[in-house]
Amino acid sequence: MKHALLALALSGCVTTAGIARHNDVGLPLLAGAAAADLAVTALAASQIQDYSVGASLATALAITAVDLAAACLLGACSALRL
């Protein structure tokens with residue numbers, strides 16, 4: 001259970017960057033936060049659910065996409081000029 005809570009806490013890297021820096025999120029920070037989010041969720045999915053590598057990556061991509069969408073709604077995607 002501790003691993004699940006740690007993964008949940010670390011899987012919001014992009015949203016956290018959007019909350020902390022709001023409209024001042026640069027492209028390198030956004031890319032780094034997305035990469036960290038992807039790595040943490042892939043590792044957590046492989047450890048917690050005993051998923052295969054493909055399933056872990058697919059789960060991580062889905063969670064990172066949701067996190068990125070939430071961050072964009074908070075204004076973190078201003079660096080992308082969307």
Side-chain angles (χ1 to χ4, degrees):
M1 187 64 177
K2 290 180 183 179
H3 295 289
L5 292 175
L6 180 63
L8 181 63
L10 293 175
S11 67
C13 299
V14 183
T15 303
T16 303
I19 291 170
R21 305 267 322 254
H22 196 56
N23 290 330
D24 296 330
V25 177
L27 189 58
L29 179 62
L30 192 62
D37 195 18
L38 186 65
V40 167
T41 53
L43 182 63
S46 70
Q47 296 298 314
I48 294 171
Q49 298 291 331
D50 281 336
Y51 284 168
S52 66
V53 174
S56 296
L57 289 175
T59 301
L61 284 172
I63 292 172
T64 302
V66 169
D67 188 28
L68 187 60
C72 285
L73 289 174
L74 293 172
C77 293
S78 62
L80 301 176
R81 308 283 186 248
L82 296 176

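Computed over heavy atoms, backbone and side chain alike; hydrogens, waters and symmetry mates excluded.
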Minimum heavy-atom distance A42-A60, with the two atoms named: N-CB, 3.4 Å
Among T59, V40, D37, side chain to side chain contact (heavy atoms under 4.5 Å, CB included) partner for T64: D37
Apart from L61 itself, members of its ILVMFWY cluster (side-chain separation under 4.5 Å) are L38
